Colleague: 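This is the structure, below, for whatever I ask next.
Model, not experiment: these values are computed from the prediction.
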Amino acid sequence: AMMADATMVKDRIYYGPALFWRGEIAYRNEKYDAAIDFFTSYLNANTRPLGEASTSNALYSLGYAYFEKEEYNKAQSYFEKLRTGSPDISSILRREIMLLSADCSFMLKETGKAKSIYNAVYQEGGNGADYALFQLSLIEGIKSPEGKIKLLKEAENKFPASDYRALIFMELADTYLSEEKYESAIPYLKRIPQLVNKDDDMIPDALLKLGIAYYNLDQSENAIDKFR
């Protein structure tokens, strides 16, 4: 009987974490529905944390699985549960969750809500502040190209080492092109190839737009060179 009891205890200890890890494997294989089932079962099993298998990690992965499925309302509910109910998460993770929650609002076209969260992250500085400012510029661009350019220039100057630098430059160039300010777009388009990998889709995109800018400035020699 003692052996049977020990086996039951062991099963109880490992049953929950096994569900968690099956969820992780399904998630990594992009099987989001299966991942959601496993993580939900894990949370319902109410087991003690074991290594990575914990309530906060399950909530995070559930939010991400719904985000990947473009079910932003559900994703946001898990991110918010994690943000408000898990005092033990690190400040970096808390900030990442705030940004994910803002991204959900952004995708749901709740721009006011998204803007206030991005703004909070940006004002706080540190991790994710560059991304928050980039997203704020996109929201600003909905009503004001000038406002968008101002925020993108602020991001350019404030975050010289940002991973989003190529995206910032492309958005600046796109906004200048749409405003027919071709001269202003050119320097940004020229710098994009140095900021990304050689096989990045942004390079042909930037060169095409560079050709369009030169063509509109009637520098067709330069434009033809870009298309060669």
Side-chain angles (χ1 to χ4, degrees), residues 1-136 138-139 163-164:
M2 280 296 287
M3 269 307 285
D5 287 349
T7 309
M8 275 174 68
V9 169
K10 195 172 173 183
D11 282 350
R12 268 212 304 278
I13 292 169
Y14 291 108
Y15 173 70
L19 289 169
F20 178 88
W21 285 113
R22 287 175 77 182
E24 278 293 313
I25 291 161
Y27 179 84
R28 284 171 196 176
N29 289 320
E30 296 179 17
K31 295 182 173 152
Y32 300 119
D33 289 323
I36 286 164
D37 287 343
F38 285 125
F39 288 128
T40 305
S41 301
Y42 169 78
L43 290 172
N44 293 338
N46 276 328
T47 48
R48 278 208 298 248
L50 184 71
E52 293 278 302
S54 67
T55 299
S56 50
N57 282 343
L59 288 171
Y60 180 79
S61 297
L62 265 169
Y64 242 118
Y66 277 117
F67 193 87
E68 293 289 357
K69 278 168 60 75
E70 298 179 13
E71 292 185 33
Y72 301 113
N73 274 316
K74 283 185 177 162
Q76 192 170 43
S77 72
Y78 286 105
F79 293 139
E80 284 303 307
K81 236 180 230 169
L82 183 54
R83 192 170 69 87
T84 55
S86 302
D88 56 333
I89 59 173
S90 71
S91 62
I92 288 176
L93 183 57
R94 183 175 301 280
R95 199 171 294 140
E96 188 187 333
I97 291 156
M98 281 176 77
L99 287 172
L100 285 164
S101 186
D103 288 347
C104 289
S105 292
F106 183 74
M107 298 307 284
L108 292 164
K109 300 198 168 29
E110 297 168 353
T111 46
K113 193 171 167 189
K115 191 173 175 176
S116 72
I117 306 173
Y118 289 135
N119 218 6
V121 173
Y122 176 52
Q123 296 305 330
E124 211 176 278
N127 259 29
D130 53 350
Y131 176 74
L133 183 55
F134 177 69
Q135 291 294 101
L136 283 168
L138 299 185
I139 292 172
D163 290 342
Y164 298 98

Colleague: Give a yes or no answer on whether the side chain of Ser116 reaches the backbone of Lys113 with a donor-acceptor pair at less than 3.5 Å.
Modeller: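 Here the side-chain-to-backbone pair exists.
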
Colleague: Can you tell me if Tyr64 has over 12 outside heavy atoms packed within less than 6.0 Å of its OH?
Modeller: no

Colleague: Show the nearest heavy-atom pair for residues Glu80 and Ser101, with the distance to one decimal.
Modeller: OE2-OG, 2.6 Å

Colleague: Once ring pair (Phe, Tyr, Trp, His ring centres under 6.0 Å) is applied, do any residues pair with Tyr122, and if so which ones, sequence neighbours excluded?
Modeller: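 In terms of ring pair (Phe, Tyr, Trp, His ring centres under 6.0 Å), with neighbours along the sequence ignored, Tyr122 is linked to no residue.
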
Colleague: Could you report the tightest heavy-atom contact between Ala35 and Ala26, atom names first, then the distance?
Modeller: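 Looking at all heavy atoms of both residues, the closest pair is N-CB, 3.7 Å.
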
Colleague: Can you tell which of Leu59, Leu62, Ile97, Thr84 makes a side-chain contact (heavy atoms from CB on, under 4.5 Å) with Phe79?
Modeller: Ile97

Colleague: Give a yes or no on whether the ring-centroid distance for Phe38 and Tyr42 is below 6.0 angstrom.
Modeller: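 No, ring centres 6.0 Å or more apart.
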
Colleague: Could you tell me which residues satisfy salt bridge (charged side-chain N to carboxylate O under 4.0 Å, His left out) with Arg28, sequence neighbours excluded, listed by chain and number?
Modeller: Glu24

Colleague: Return the minimal non-hydrogen interatomic distance between Leu50 and Tyr14, and the atom names on each side.
Modeller: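 In this case the closest contact between Leu50 and Tyr14 is CD2-CE2, 3.7 Å.
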
Colleague: Checking Asp163 now: which residues fulfil salt bridge (charged side-chain N to carboxylate O under 4.0 Å, His left out) with it, not counting sequence neighbours?
Modeller: none

Colleague: Do Tyr118 and Asp103 get their side chains close enough for a donor-acceptor pair, meaning under 3.5 Å?
Modeller: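 Yes, because at least one side-chain N or O of Tyr118 sits under 3.5 Å from a partner of the opposite role on Asp103.
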
Colleague: Is the distance from the ring center of Phe20 to that of Phe39 below 6.0 Å?
Modeller: yes

Colleague: Would you find a donor on one side and an acceptor on the other, under 3.5 Å apart, between the side chain of Asn127 and the backbone of Ile92?
Modeller: no

Colleague: Could you report the tightest heavy-atom contact between Ala114 and Ile139, atom names first, then the distance?
Modeller: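 Heavy atoms only, the tightest pair is CB-CD1, 4.1 Å.
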
Colleague: Hey, which of Leu99, Val121, Leu136 is the one that makes side-chain contact (heavy atoms from CB on, under 4.5 Å) with Tyr131?
Modeller: Leu99

Colleague: Is Asn29 reaching over with its side chain to a backbone N or O of Ile25, donor-acceptor style, under 3.5 angstrom?
Modeller: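 A pair under 3.5 Å: yes.
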
Colleague: What is the minimum heavy-atom distance between Met98 and Ile117, and which atoms define it?
Modeller: O-CG2, 3.3 Å

Colleague: Ignoring hydrogens, what is the shortest heavy-atom contact between Leu108 and Gln76? Give both atom names and the distance.
Modeller: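 Where Leu108 meets Gln76 most closely, the heavy atoms are CD1-OE1, 4.3 Å.
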
